Amino acid sequence: MPNTQVLKFDPSGKKFIISKSYLVISQPKGEPRRLDLPASVTLIGSNPECDIVIRDKYVSGRHCRIAPGDGGFLLEDLNSTNGTYIGETKIHHTALKPKTSFVIGKTKIFFDSTVASEPVVPMEQNHFCGLVGQAESMRALYTKISRVAATDQTVLISGETGSGKELVAWAVHELSPRKERPYVILNCGAISSNLIESELFGHEKGAFTGAHSRRAGAFEQANGGALFLDEVGELPLELQPKLLRVLENRTIRRVGGDAEIPVDVRVIAATHRNLSEQARKGLFREDLFFRLFVIPLSVPPLRERPEDIPLLAEYFIHQASPKSPLAFSRKALEKLAEYAWPGNIRELKNVILRSLVFCDGPEISATHIELMGEEVKTGDQMDLDRVEKEKILEALDKTGDNKTKAADLLGIAKSTLFKKIKDYGIAE
């Protein structure tokens with residue numbers, strides 16, 4: 001693994017801000033040696049199997065280790081005989097700051113890092129870990145995912161409903177060193193507010209009515225792996241300090257319990273909301289926002305990458321019917337390209353699947369493609385909101401106000417439909 005850590009992206013998203021870290025080891029005998037510090041766990045000790053071997057009789061076989069953490073490295077003593085010291089202080093576990101020296105046995109180790117920028121070079125391929133797109137913005141996103149996946153840092157994925165945030169989160173985990181460990185998904189917008197604390201942190205037997213036995217929450221279930229907090233912007237304000245505490249201390253407390261339980265979990269969060277704006281309005285805790293906003297990944301909406309529509313349409317046809325010789329007519333592709341796609345990829349997929357039902361020949365024509373509202377694309381957000389509201393009203397009307405069927409017709413989750421109904425003030 002390279003000796004660099006991605007710290008963040010610059011505001012334009014076109015450059016990585018990276019940290020290159022190193023150690024200078026000064027032993028009782030011999031010249032000091034400089035070693036690059038990899039962005040992975042580094043074991044230090046006198047045992048020849050350690051990553052860094054120290055020839056010092058006062059150093060234990062497995063003396064200490066340096067591990068990557070959010071925004072830097074952590075130094076941990078491994079119950080060594082003579083301890084690990086920073087100055088006069090014997091430490092067990094601490095953040096390792098640049099220009100810090102620590103001592104093991106008679107050996108002094110100096111840690112430092114340099115910060116530099118590196119351009120984001122878009123990948124060449126148009127398929128990546130389940131994501132499909134040839135637009136430059138998508139290929140740049142593939143590059144960002146591949147770089148941040150190797151770290152252990154918290155990731156915040158933003159994007160409109162149906163744009164593919166779940167696939168981005170899965171790709172981050174699948175390409176990470178934790179890929180063989182648990183991957184737990186929790187949709188913060190799909191769980192009632194009185195249950196979400198238990199879902200996150202678990203509960204003890206008898207903690208509340210119906211708690212007949214102890215239950216591990218999402219953080220415990222994901223221990224050693226990753227937890228995907230989908231729609232984290234919907235997390236109740238009163239629960240946000242508890243999530244912040246877990247992210248800072250890496251411990252959880254079950255509902256009804258007193259014990260602090262350590263957890264080793266990488267958090268990947270996603271939201272369709274502008275959390276920075278929500279924080280300014282007091283609707284989301286600013287300190288939690290900055291704790292989540294370590295590595296931001298933004299998924300572009302489909303209307304901003306029209307060159308991907310034919311590629312995605314063909315992909316969905318192949319998924320649904322791998323042996324089918326079906327193709328799109330020129331008019332059909334034009335119709336797809338002129339639509340606003342407020343439901344993004346999820347809506348496009350449903351439109352393509354519906355067209356397969358209507359089509360009885362070798363070619364999918366424009367008449368086989370049924371769009372909600374038949375609106376053309378526009379960059380005006382007010383027009384897009386109007387289109388989306390009209391689509392929801394039309395779907396509710398078509399399904400006799402059956403919200404489950406309306407959500408299926410729109411290609412969105414039922415919880416998302418309820419939020420949209422509330423946001424647009426649609427009478428229930």
Side-chain angles (χ1 to χ4, degrees), residues 5-11 13 16-17 19 68-72 74 95 141 144-145 147-161 163-173 175-176 178 183-191 193 196-197 199-201 217-223 225-253 263-299 415 419:
Q5 274 199 311
V6 176
L7 299 179
K8 59 182 179 179
F9 300 119
D10 74 348
F16 296 108
I17 306 301
S19 170
D70 285 347
L74 301 173
L141 178 61
K144 294 175 183 179
I145 292 170
R147 288 297 301 273
V148 304
T151 76
D152 226 16
Q153 299 199 31
T154 302
V155 175
L156 179 62
I157 305 165
S158 60
E160 296 178 5
T161 299
S163 58
K165 298 186 293 295
E166 301 90 342
L167 284 176
V168 173
W170 170 248
V172 169
H173 177 67
L175 296 175
S176 78
R178 295 175 179 255
Y183 179 70
V184 177
I185 301 172
L186 185 72
N187 189 325
C188 299
I191 303 170
S193 57
I196 193 164
E197 184 176 4
E199 291 293 324
L200 277 170
F201 310 125
F219 272 97
E220 282 188 88
Q221 294 171 35
N223 197 27
L227 173 59
F228 175 41
L229 296 177
D230 197 9
E231 295 302 348
V232 72
E234 312 309 311
L235 191 68
L237 202 57
E238 63 271 18
L239 273 182
Q240 292 178 21
K242 295 185 179 182
L243 176 58
L244 177 64
R245 185 175 63 83
V246 174
L247 294 176
E248 289 180 339
N249 300 335
R250 300 295 174 178
T251 61
I252 61 103
R253 184 184 299 167
V263 288
D264 172 24
V265 176
R266 182 186 195 173
V267 172
I268 304 169
T271 181
H272 74 282
R273 298 191 181 277
N274 183 332
L275 289 191
S276 178
E277 182 66 25
Q278 294 287 100
R280 282 195 292 272
K281 293 179 178 178
L283 301 175
F284 196 86
R285 286 186 64 106
E286 188 175 48
D287 48 4
L288 178 58
F289 166 68
F290 286 116
R291 196 63 185 76
L292 292 170
F293 199 75
V294 178
I295 298 288
L297 294 175
S298 179
V299 187
S415 60
K419 290 198 291 287

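Treat the numbers as computed from the prediction; the structure is a model and nothing was measured. Only heavy atoms go into these numbers, but all of them, side chains included; no hydrogens, no water, no symmetry mates.
- The shortest side-chain heavy-atom distance between T271 and L292 does not fall under the 4.5 Å cut-off.
- Between the CG atom in D287 and the CD atom in E248 there is a gap of 7.0 Å [rounded to 0.5 Å].
- When side chains are defined from C-beta on, R178 counts as touching D264, because their heavy atoms get closer than 4.5 Å.
- Shown here for L74 and A95, the closest heavy-atom pair between the two residues is CD2-CA, 3.9 Å.
- Residues L297 and K144 approach most closely at CD2-CB, 3.7 Å, considering heavy atoms.
- Taking CG of D230 as the start and CD1 of I157 as the end, the distance is 8.5 Å to the nearest 0.5 Å.
- Between I268 and A226 the shortest heavy-atom distance is CD1-CB, 4.4 Å.
- Residues A149 and S176 approach most closely at O-CB, 3.2 Å, considering heavy atoms.
- Atom CG of L229 is separated from atom SG of C188 by 5.0 Å, given to the nearest 0.5 angstrom.
- Two residues are said to be in side-chain contact when any heavy atoms from C-beta on lie closer than 4.5 Å; L247 and L288 meet this criterion.
- To the nearest 0.5 angstrom, R280 atom CZ is 9.0 Å from E286 atom CD.
- Remark: E238 CD to I196 CD1 distance equals 9.5 Å, nearest 0.5 Å.
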message: Using the rule given for side chain to side chain contact (heavy atoms under 4.5 Å, CB included), can you reason through V246 versus L200, listing the C-alpha separation, both sets of side-chain angles and the distance that settles it, and then say yes or no?
response: CA-CA 10 Å; V246 174; L200 277 170; over 6 Å; no
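- Going from atom CD1 of I145 over to atom CD1 of I295 covers 12.5 Å, rounded to the nearest 0.5 Å.
- Here the closest heavy-atom approach between residue V299 and residue S163 is recorded as CG1-O, 3.4 Å.
- Between E166 and F228 the shortest side-chain heavy-atom distance falls below 4.5 Å.
- A pairwise comparison of heavy atoms in A218 and L186 identifies CB-CD2, 4.4 Å as the closest pair.
- Aromatic ring pairs are classed by plane angle as parallel below 30°, tilted from 30° to 60° and perpendicular above 60°; the pair Y183 and W170 is perpendicular.
- For the pair L275/V232, a side-chain contact is recorded, criterion being any heavy-atom separation below 4.5 Å from C-beta on.
- At a threshold of 4.5 Å between non-hydrogen side-chain atoms, the residues I252 and R245 do not count as touching.
- One N or O on the side chain of R250 and one on the backbone of V265 form a donor-acceptor pair closer than 3.5 Å.
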message: Using the rule given for side chain to side chain contact (heavy atoms under 4.5 Å, CB included), can you reason through R253 versus F201, listing the C-alpha separation, both sets of side-chain angles and the distance that settles it, and then say yes or no?
response: CA-CA 6 Å; R253 184 184 299 167; F201 310 125; over 6 Å; no
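- Residues R291 and R285 have side chains not in contact (no heavy-atom distance under 4.5 Å, counting atoms from C-beta outward).
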task: For side chain to side chain contact (heavy atoms under 4.5 Å, CB included), just list the numbers for V172 and R266, CA-CA rounded to whole Å, side-chain angles, deciding distance to a tenth of an Å, and then say yes or no.
output: CA-CA 10 Å; V172 169; R266 182 186 195 173; 3.7 Å; yes
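- A distance-only check finds no donor-acceptor pair linking the side chain of K165 to the backbone of A269 [under 3.5 Å].
- Counting heavy atoms from C-beta on, the side chains of F219 and V184 never come closer than 4.5 Å.
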